[in-house]
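See structure below.
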Amino acid sequence: MDNFQKDIDERTNLTSSNRFELLLFRLGSAPDEDQSELFGINVFKLREIVPMPALTKAAGMASPMLGMANIRGEIIPVIDLPAVVGCVPKTGLNILLVTEYARSTQAFAVESVDDIVRLEWSQVLAAESGVKSRNITSIARLDNDKSSNRLALVLDVEQILYDIVPSTGNVAIDKQKTRAFTLKPGAVAIVAEDSKVARQMLEKGLAMMEIPAQMHVTGLEAWNKIRKMAEECKAEGRPISDKISFVLTDLEMPEMDGFTLTLNIKRDEFLKNIPVIIHSSLSGSANEDHVRKVGADGYVAKFEINELEAAIHKALDAKAAAVAVA
């Protein structure tokens, strides 16, 4: 247990190289299966790993909520993760994964922890078309060999939390504090977000702001679209701003992460003036430092629509001021 905690404490600064670290754990097996699946969660989301403590269950609390745990003086809700994904632990719920995610702290009860592995995001594939569970966002190939069947299912924590607490994420704009966006006719926002529920929230929020947007599941998918639009603009003798108003990207995504997507844009002479706003549940000073290093024009934590709107305004205003000076 101490070794896992040491790994988490020492390695959470691994960013900006299209690589990340995945904590592997087990939840038991499905009722009609003997094999125990391997699941994963990004180390960035973890605050600590602790043995299962005594829980206090409030009146009316129902599955998958197990109760409340006192972790270092903080009362944290505990979620039965095997119950969420439909597994039955063979040896019980033995460990808590304490996470800081989307402005909240919660703990997930799991059966056992296996390992921490360092992967390229290219080893992670979007799972929307190949996995039935709504709680799985991607599939990680744990070996570089593409024929390997050593896989881990990466959990969509946003979807899980949204299903348990549907009020997660404010998508109501305060009209008294808002102002209209001035965008070029025909220009769209390019959005990269692998979580289905987060994409739905962003799509709804941008529609409320009257911002046309194109949604993409991975950073690579968004990057390929941006390059295609750039080639069209070059052929037509037009600036990229005629087609792209700004880019809004998550950090964690299959195939290409948000840091790499941002770097690709900012290192390209034709694309570098596109405002890029990073929208992520991964908070903390390490991430914010890397946001600055890769040249992003804004950073906002998920998911509060008024803060997102303010971040978009700030990035677009800065771009307009720079153009005016030039």
Side-chain angles (χ1 to χ4, degrees), residues 171-175 177-196 198-251 253 255-280 291-292 294-300 302-326:
V171 289
I173 292 179
D174 185 345
K175 291 296 184 181
K177 297 181 180 179
T178 191
R179 58 189 173 92
F181 289 91
T182 302
L183 303 172
K184 283 190 176 182
V188 300
I190 298 294
V191 181
E193 170 60 66
D194 68 319
S195 170
K196 185 176 181 179
R199 267 199 322 278
Q200 290 172 339
M201 287 182 179
L202 288 174
E203 196 166 21
K204 182 177 180 181
L206 292 171
M208 288 180 177
M209 298 178 209
E210 299 181 351
I211 297 176
Q214 292 184 6
M215 313 302 289
H216 303 276
V217 177
T218 75
L220 181 60
E221 182 183 313
W223 174 236
N224 288 339
K225 181 63 176 180
I226 291 167
R227 289 195 300 173
K228 180 180 178 181
M229 296 172 87
E231 291 304 316
E232 291 171 354
C233 284
K234 290 176 182 178
E236 297 164 5
R238 300 164 62 189
I240 191 63
S241 58
D242 280 3
K243 288 185 180 289
I244 301 176
S245 53
F246 62 90
V247 171
L248 181 62
T249 179
D250 188 17
L251 287 182
M253 289 179 291
E255 300 177 332
M256 179 186 289
D257 66 17
F259 285 124
T260 304
L261 174 61
T262 304
L263 275 172
N264 286 349
I265 293 169
K266 294 303 181 180
R267 289 174 174 174
D268 187 291
E269 192 65 28
F270 190 73
L271 302 174
K272 66 181 183 181
N273 292 322
I274 299 175
V276 179
I277 300 150
I278 290 176
H279 179 247
S280 175
V291 165
R292 288 188 287 271
V294 299
D297 301 276
Y299 178 91
V300 61
K302 295 178 181 177
F303 185 86
E304 209 290 324
I305 195 66
N306 293 289
E307 290 184 13
L308 176 60
E309 183 194 36
I312 295 171
H313 269 301
K314 184 177 179 180
L316 293 180
D317 289 347
K319 177 191 173 185
V323 170
V325 170

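Remember, predicted model here, so these are calculated numbers, not experimental data.
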Between Glu269 and the options Lys272, Lys266, Arg267, the salt bridge (charged side-chain N to carboxylate O under 4.0 Å, His left out) test singles out Lys272
Side chain proximity check, Phe246 to Asp297, heavy atoms < 4.5 angstrom
no
Interatomic distance, CD1@Ile305 vs CE@Met209, rounded to 0.5 Å, equals 3.5 Å
In this structure, OG1 of Thr260 is separated from CE of Met253 (nearest 0.5 Å) by 8.5 Å
Here the gap from Leu206 atom CG to Leu248 atom CG, rounded to the nearest 0.5 Å, amounts to 6.5 Å
Examine distances only and state if a side-chain atom of Arg199 and a backbone atom of Asp194 form a donor-acceptor pair shorter than 3.5 Å.
yes
One should read off an interatomic distance between Ile244 CD1 and Leu271 CG, to the nearest 0.5 angstrom, of 7.0 Å
Exercise. Please lay out, stage by stage, how Ser245 and Phe181 fare under the test side-chain contact (heavy atoms from CB on, under 4.5 Å).
Key: CA-CA 10 Å; Ser245 53; Phe181 289 91; over 6 Å; no
Between Lys243 and Arg238, is the side-chain contact (heavy atoms from CB on, under 4.5 Å) condition met? List the steps. CA-CA 9 Å; Lys243 288 185 180 289; Arg238 300 164 62 189; 4.1 Å; yes
Q. Is atom NZ of Lys228 surrounded by more than 12 heavy atoms (other residues, nucleotides or ligands) closer than 6.0 Å?
A. no
- Does the side chain of Leu183 reach to within under 4.5 Å of the side chain of Pro212, using non-hydrogen atoms? yes
The reported gap from CG in Leu202 to CE in Met215 (rounded to nearest 0.5 angstrom) is 5.0 Å
- Message: Looking at Glu236, I'd like to know if its CD atom is crowded, meaning that more than 12 non-hydrogen atoms belonging to other residues, nucleotides or ligands lie closer than 6.0 Å.
- Response: yes
When Glu193, Met256, Glu255 are each screened for side chain to side chain contact (heavy atoms under 4.5 Å, CB included) with Thr218, the one that passes is Glu255
Note: Ala230 and Phe270 closest approach over all heavy atoms is O-CE2, 3.7 Å
Per side chain to side chain contact (heavy atoms under 4.5 Å, CB included), Ile278 is matched among Leu261, Thr249, Asp250 by Thr249
If you apply the rule side-chain contact (heavy atoms from CB on, under 4.5 Å), what do you find for Leu316 with Thr182, and how did you get there? CA-CA 9 Å; Leu316 293 180; Thr182 302; over 6 Å; no
In this structure, NZ of Lys314 is separated from CD1 of Ile312 (nearest 0.5 Å) by 13.5 Å
*Under the 3.5 angstrom rule, does the side chain of Asp257 hit a backbone N or O of Leu251 as a donor-acceptor pair?*
no
Checklist line | side-chain contact (heavy atoms from CB on, under 4.5 Å) between Asp268 and Arg227, worked out | finding: CA-CA 10 Å; Asp268 187 291; Arg227 289 195 300 173; over 6 Å; no
Minimal heavy-atom distance between Lys184 and Pro239, with the atoms involved, is NZ-CG, 4.0 Å
